[in-house]
Amino acid sequence: MQEQVIFAGFGGQGVMLIGQLVTYAGMIEGANVSWMPSYGPEMRGGTANCQVVVSSTEVSSPLVTEPTSLIALNKPSLDKFAPWVKSGGLIIYNSSLIESPPERTDVRILAVPANKVANELGDLRIANMVALGAYLATTRVVGCDTVLDAMKRVLPERRHNLIPLNRQALARGIEIASVWHSRDQGEVSGAE
Amino acid sequence: MKKVFGRPEALTDVPTHYCPGCTHGIIHRLIAEVIDELGVCEKTIGISPVGCAVLAYDYFNCDFVEASHGRAPAVATGIKRTLPDSVVFCYQGDGDLASIGAAEIVHAATRGEKITVIFVNNAIYGMTGGQMAPTTLPGQRTTTSPRGRDVESAGHPIRVAELLSSLSGVAYISRVSATSPANVTKAKRAVRKAFETQIEGKGFSLVEFLSTCPINWGMSPLEAMKWIDDKMSLYYPLGDYTRVPEVG
Amino acid sequence: MGEKVLMKGNEAIAEAAILAGCRHFFGYPITPQNEIPEYMSRRMPEVGGVFLQAESEVAGSNMVYGAACAGARVMTTSSSPGISLMQEAISYMAGAELPCVLVNIVRGGPGLGGIQGSQADYFQATKGGGHGDYRLIVLAPASVQELMDLTITAFDLADMYRIPVMILGDAILGQMMEPVIPGRRGKADLPPKTWATVGAKMRPKNVITSLSLDPAKLEQHNFDLGKKYNKIADEQVRYKTYMTDDAETLLVAYGTCARISQAAVDMARERGLRVGLFRPVSLWPFPYEALQLAAEESLRVLTVEMSLGQMVEDVRLAILGSKPVRFYGRTGGMTPTPREVLEEIERIVEEGI
């Protein structure tokens, strides 16, 4: 197994964090992992992304140039990285902010209204976790419980009160993905 | 028979390479006397500059480090931060301290590094053969200001004691000369005060010596002493420049 | 063996220094290595050490010189333009035989360049970036674990040979996170620092200088340095190989490029191409003999770098014209992809080079 995934969005949407959580969870589960952030001026205002590898074998290149999955939380990210995704790969996009789905027919595409769901849960900041839930449910790259475990280690103690809300967000993401799966993995627009 | 005058123990028994009439020798001696009097030779580390005093490590009996041009205060910082109980002094000339090492001296001073700097200002580059220094007086002839220093193009000389005295990390600054027995006595007091300031952990200390360079000034030793009294000390007034650090 | 922790490369370097007993850090902020001084500013006070943000890389590296004179285990870190500013102190420390650890998290140049990862400082690191006849030991980690392990090793080598040791990383290694098992301080039987200027108590004074006005004496000093460098070249060559045994095409790459090249080797093997990777870990001393040996059975050599081609000159020296040595590189902060490297492999295989 080698999952190579790009998490991308605006700075502040928490793409670095969800990438780290997957990396951390992979490590806890005994996989080989790497996490590579974009950094510098492009992080200030523009798009941010991180590239994560979770692999049963040694990670050779930490740079992901042919991702098996893409999680795009905004349009510039989707436009930039959608063409990179391997044929047969997966694109999850934030349909709350991106109107039209990516024009690819050789990959699986899942629309997740991440902002809308996060707003329903009362905190826009957890949109990233909704997308992450959908990703975990679709790929099963790491367990959801392990991600929550990782969250306890990544977040400072004073932020642990946020974990229940994050768990809810993950659950909603998982739900959206399950609905999609039950509809035979065709292209659907989530729970909208 | 009672010995009333001798070589300080902190000085080695070798003739120096300094030119006749240059006051580097006197300044070395004053430092050595103070080191002896304070009984700190075994925990003193000196730092020599690039300039005429580059070989100062041959003349002192304490541990010594040779720094690159202008960086003595940074080297001293590294040593003192490693050995907080040591006594660390830099011996620097005007090109070393006020030109190429301007950033290092300002920042060591403003950090309040507990080091002592002996700054020898002779208004010229001695070792390289008499070029203009950052402290060369307006109108003063040097090999790179052959018509006299034109402040319009070469800028103005730097008053180091005054400049550094505005910094809160500075605990003691004085400007002295060695042109007369009375001045030498005052100078020694200043050097001692500077070392004491360091040992007491009060902060950064510096003594600026107005010093002679008869060879490159084109003067006799006596004329050179007189030039310090009559000319240099007008632009660079002797005295204490320590300000009480601001509170808050 | 400790528990695995997920660390950024830059943080692994900083923690490794602490684990190695480094208690003095002097540095100046520059992207992309700011995590190191930030980490040190937090960590040093916890372990009773000294963190000082210098006014410049020039001053910072001279503070390193001073602390090394005083016998400290000391480190500074920077990135390319900052390392250029340190060349003065590096040359002085080489001349005065002072141990210290320098880290260059390389970014694209020349000049102010950019802030993305690069390997364009290979010449500067291995061929003498400052003036005079001198060498640094230069180590090139390729993973976060190696950043940790080689940083600890660097302190031991510095003390063992009284020499500045440079860790040559790049922005990608510095920024990425990987699981790390924390290392521990290495050798204990290092020579005592009897030469250090710590105060002349119960012994004649020590003087540390790189000045020697008598050319005959200076020549002798250089000969002595040369002997030391030869000894290091005999004792401290480091490299790794990956599927080189039956390789017809031998890739040579270090650091991040080695990781990318390893991915390219896997892709090539899937296509039935016999490709292997030789990875120099010590860039100085360069593993000339080991590379020559590894290349013996191969038909061709391909060097991959994030530069216009710098290490390739050492690769050619190792191969000595016995087989074709090709170069593939991206530079200015661009990174070759495994597919690009694969395509280059396919191209040269097809050309029958």
Side-chain angles (χ1 to χ4, degrees), chain A residues 2 4 6-7 16-44 48-68 81 83-84 86-87 142 146-147 149-156, chain C residues 3-10 30-35 79 105 107-108 114-117 142-145 170-181 242-243 253 255-267 269 277 279 304 306 330 333-342:
Chain A
Q2 187 166 78
Q4 302 182 48
I6 295 180
F7 298 92
M16 298 297 187
L17 176 67
I18 54 175
Q20 272 188 23
L21 289 174
V22 170
T23 312
Y24 216 116
M27 182 180 81
I28 294 171
E29 291 183 0
N32 297 290
V33 294
S34 70
W35 175 89
M36 177 69 211
S38 62
Y39 60 93
E42 66 188 82
M43 280 182 67
R44 298 181 184 101
N49 74 81
C50 66
Q51 311 182 347
V52 173
V53 182
V54 181
S55 173
S56 53
T57 56
E58 188 188 350
V59 177
S60 48
S61 173
L63 297 167
V64 175
T65 47
E66 297 171 25
T68 44
F81 294 117
W84 293 24
K86 260 191 182 149
S87 193
V142 290
T146 324
V147 167
D149 185 15
M151 197 179 290
K152 280 180 205 146
R153 304 202 207 177
V154 169
L155 290 181
Chain C
E3 204 192 333
K4 270 187 185 177
V5 287
L6 194 62
M7 281 187 121
K8 254 195 175 188
N10 282 335
I30 184 171
T31 306
Q33 61 84 56
N34 291 318
E35 291 83 2
S79 180
I105 300 300
R107 55 188 250 185
I115 57 167
Q116 303 299 320
S143 66
V144 178
Q145 183 71 58
D170 64 56
I172 292 162
L173 286 165
Q175 296 296 323
M176 68 190 265
M177 284 179 115
E178 284 184 323
V180 178
I181 299 167
Y242 181 69
M243 307 189 88
T256 292
C257 270
R259 298 286 295 266
I260 292 161
S261 296
Q262 191 172 323
V265 168
D266 291 341
M267 291 163 87
R269 289 271 170 182
L277 169 67
R279 171 163 78 90
V304 183
M306 296 191 296
R330 299 293 303 268
M334 296 299 286
T335 311
T337 64
R339 185 161 301 276
E340 281 172 33
V341 177
L342 174 69

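Quick caveat, the model's predicted, so the values are computed rather than measured. Naming convention: chains lettered A, B, ... in sequence-line order (proteins, then strands); numbering from 1 in each chain.
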If the condition is side-chain contact (heavy atoms from CB on, under 4.5 Å), which residues does A:N32 pass it with, not counting sequence neighbours? A:V59

What part of A:E66 lies closer than 4.5 angstrom to a heavy atom of chain C: side chain, backbone, both or neither? side chain

Quick check for you: to the nearest 0.5 Å, what is the distance between C:M177 atom CE and A:M36 atom CE? 12.0 Å

Side chain / backbone / both / neither for C:T335 at chain A, heavy atoms under 4.5 Å: side chain

By number, which residues in residues 20-28 of chain A have some heavy atom less than 4.5 Å away from chain C? A:Q20, A:T23, A:Y24, A:M27

Portion of C:V265 that has a non-hydrogen atom of chain A nearer than 4.5 angstrom: neither

Evaluate the side-chain proximity of A:E58 to C:Q262: yes if any heavy-atom separation is below 4.5 Å, no if none is. yes

Of all heavy-atom pairs between C:Q175 and A:W35, which one has the smallest distance, and what is that distance? O-CZ3, 3.8 Å

Does some side-chain heavy atom of C:R259 sit less than 4.5 Å from a side-chain heavy atom of A:P62? yes

Are any non-hydrogen side-chain atoms of C:I260 and A:L63 less than 4.5 angstrom apart? yes

In Å and rounded to the nearest 0.5 Å, what is the CD1 to OG distance from C:I172 to A:S34? 11.5 Å

What's the spacing between C:M267 CE and A:S60 OG if we round to 0.5 Å? 9.5 Å

